[in-house]
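Following: one structure in structure tokens, then a few remarks.
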Amino acid sequence: MAITTPPPALQGIKADLSAPFQSQTGSRDVLLVLIEPHLLAYLESCQDEGISSTEATQKLKSALTPVISALRALTAQQRKGLAACTTTEEAQAILCAALSNSWGQGLKATTRQQYHTKIRRFLPLTEDQAPRYSGDRRPSKHASVRSGSTNNSLVNRKRYDQQTRQQENATLDEMVQGAKEHLRSSARQSRYDLYPGALWVNPTAHTPGVLNAIILAALLPYTLEWPSPRRERACVALICGLMLGWTQVLKNARLDGPTGARPEIVLNARGHLWMYPWQPEWLPAWLNDDEERRDSHFDVHHAPMSEYQLHLHPTIQHAIREAAKSGSKDLLFPGDSYREAIQDLDKVLKDMLPAAGSLTPGRLTLSFQGLANSAGYPWPERYAVFGRPARPHTMAAAYSLTPIHAVIRWHWRFVEQLLAKAQRAYQENQERFGPAPWPGAFEPNQSFPPRVQGFLGSWSMPKFKYVCQLVQHLGSQIDDGNLARCNAHNARTRLAVILGAITMGLRPGEIDGLTIPKRQPLEGDGFAQEVKRRGREVASWVERRIPRLLQPIWWHMLRAGASLRSDGQAQPMILGEDGHPQRFRLKTELASACQAAGLPASIRPHGLRHFCRTALAHFGLSDPDLALVMNHWAQGFERTSFVRLGNDLAGFDDRYNRAVGKLLKALGWEDQVWA
């Protein structure tokens, strides 16, 4: 459906496009002549989708935001060039050049790339690339804009599948190489050859690009020689990058209170440093909107805090307060001062250690992760300080409930270790570094961090006392010799499955859909399980470990389930009131068990998985070990993904069984002997 008469609202959009050029009529006329046909093409596609004129205009305004922002950010020379251009290609190049100005450099890399794409789509080089409405990405007022040439889902799917296979092959090659280098000769081989004996370790303190203690020792003394505030800002950029992973986020660090940007560092009037973390974005809407349901939920589950006071190490607090004295416009790093601080540090590093390479914010972040990995710094506690979202890392934080005092304790321990290493490195290389004394402000601090109450992380983590009460109730039913055969079978099945969820981290869907392959013997210390798939992914299997104490009751439950099926397939089965077998459903059976145990409300089935990760972490399992237990070890391809975290995993079985033994003992469950 063609638009013969431009809608009146289009005049307002034209005014927005010409507003930055009120004093240069030539440039705005040229731009409007070039862009108007494509604005009409976009409105036409909206009309074809049945969108009203008013709504289409609003969507067009939103889609034009990168173009209008780029116009306002043009330099005087670029505006003159736009006024003199005669082709769409020239106009497109000039507007995209604004992304290299200070405005564009202040955007995130992903946002800058998106702006670049949208500018090119509203100034396409060919007619088949004319922009059109492509539907909302999510239920909101924001709409995506795409080029006409990208509307071939089959081509895009083939290209995506090809890229995914290449990425998976590259990652697999790296894992194989890592296993060859780290696998111990005594490592136990899996029956199915699916369970890795070791994983590639990256990044670590020895990974290329990670700044080590010698570099910190070389930089810290010489930052004190610069004039203020250059000295204080360089010091904050260095130690916050290496010890907290804070780099670009420092640009938004305010001195007057929160602004709504998260994560955010705030230094309030009383000198307290606050961190506004990620938690509110993860809470489901009903926990905020339905007070009755919220109260009922938090009767049984822990209530995590959405905001908390982060007690930074005294060395870092001192550095930030000193830098705050020279801040302006309520910012710790006003204007372009953060980039200048990085440049100052880079110059000193190259002068002293030419082989060390350039110092960048990315290297500071990588260094924090590498040094933290090698120190055994847990991801949930690290994420609470670091505050940067990345899929495998947020998973660790969302699946765990972490006491705030543990976050602070790990932070202080890590900073103390790094300062002590840097001090030793300086003393060992004092002749090389020169006569400058080691700064007294950076001596390791022997004081203890304050103990703060409260928890961070999972909002569906059941309280330990209720899980303990549930397990003890199920165990008492097993000992009841007066139960009928039907009820005795059901009690044993419930206990086995719930203990499996608590110790193996099984998802509710993995329990309800659990099917053991027919070739799998119903004994041993593991079973093959199909990994959940997305889209067109090929079916694959992974071996899930069964804790040694749980093996008798687990295999008894599966053999009993197989005997109730006509095809002999091993899976959890329940006997109904009529005596007929039916498949186990965790939600139903867990609610029934909670009611029988006298709990105030049922525990969420997925909460048992969160309980598993939190409890096993408390009893000594590291993040790489937990990733294997939770079947998260293959998530993501980031350089700090779980595939590359931690040390050699050949001793996983022993560590896992020790942690499960401590957990079951704490729950009051003792090993049962099954016939």
Side-chain angles (χ1 to χ4, degrees), residues 3 6-7 9-46 56-134 142-151 248 251 335-336 338-340 343 360-361:
I3 297 179
L10 190 59
Q11 300 303 321
I13 295 177
K14 291 181 178 180
D16 290 337
L17 290 171
S18 61
F21 297 95
Q22 295 297 333
S23 60
Q24 297 183 20
T25 57
S27 60
R28 78 178 180 202
D29 292 339
V30 168
L31 182 64
L32 289 177
V33 168
L34 295 174
I35 205 173
E36 185 171 4
H38 308 301
L39 303 183
L40 294 175
Y42 183 83
L43 291 174
E44 179 181 345
S45 66
C46 289
T57 304
Q58 292 176 349
K59 293 182 180 299
L60 180 57
K61 282 186 176 181
S62 176
L64 280 171
T65 298
V67 177
I68 296 173
S69 300
L71 284 173
R72 293 171 178 167
L74 292 177
T75 64
Q77 187 65 27
Q78 289 170 340
R79 292 189 181 190
K80 291 180 181 179
L82 186 59
C85 73
T86 57
T87 65
T88 302
E89 186 175 6
E90 293 175 348
Q92 182 192 107
I94 292 174
L95 286 181
C96 289
L99 294 170
S100 300
N101 299 343
S102 58
W103 162 74
Q105 293 300 320
L107 300 173
K108 293 182 179 178
T110 53
T111 304
R112 190 161 57 249
Q113 182 62 34
Q114 291 172 359
Y115 275 28
H116 189 274
T117 301
K118 291 185 177 181
I119 290 172
R120 287 189 289 109
R121 286 175 177 170
F122 273 99
L123 287 168
L125 303 182
T126 59
E127 287 298 324
D128 62 343
Q129 294 178 340
R132 64 184 177 191
Y133 175 72
S134 62
H142 304 287
S144 59
V145 181
R146 68 183 176 196
S147 168
S149 63
T150 62
N151 191 26
Q248 301 291 349
K251 293 181 178 180
D336 210 23
Y338 178 76
R339 183 179 62 85
E340 294 170 355
Q343 290 177 345
T360 63

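This one's a predicted model, so the numbers in the text were calculated from it and none came from an experiment.
Of all the heavy atoms in Ala73 and Gln78, the pair that sits closest is O-OE1, 4.4 Å. Annotation for Pro361 and Gln248: closest pair CG-NE2, 3.5 Å, computed over non-hydrogen atoms. Pairing each heavy atom of Pro124 with each of Thr88, the nearest pair is O-CG2, 3.4 Å.
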Would you be so kind as to tabulate the donor-acceptor pairs closer than 3.5 Å made by side chains of residues 90-97, with sequence neighbours excluded?
from, atom 1, to, atom 2, distance (Å)
Glu90, OE1, Thr86, N, 2.9
Gln92, NE2, Leu123, O, 2.7

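Taking the side-chain contact (heavy atoms from CB on, under 4.5 Å) definition, one finds that Thr65 meets it with Ser69, Tyr115, sequence neighbours left out.
A 6.0 Å sphere centred on CD of Glu89 holds no more than 12 heavy atoms belonging to other residues, nucleotides or ligands.
If you take CD1 on Ile119 and CD1 on Ile68, they are separated by 11.0 Å, rounding to the nearest 0.5 Å.
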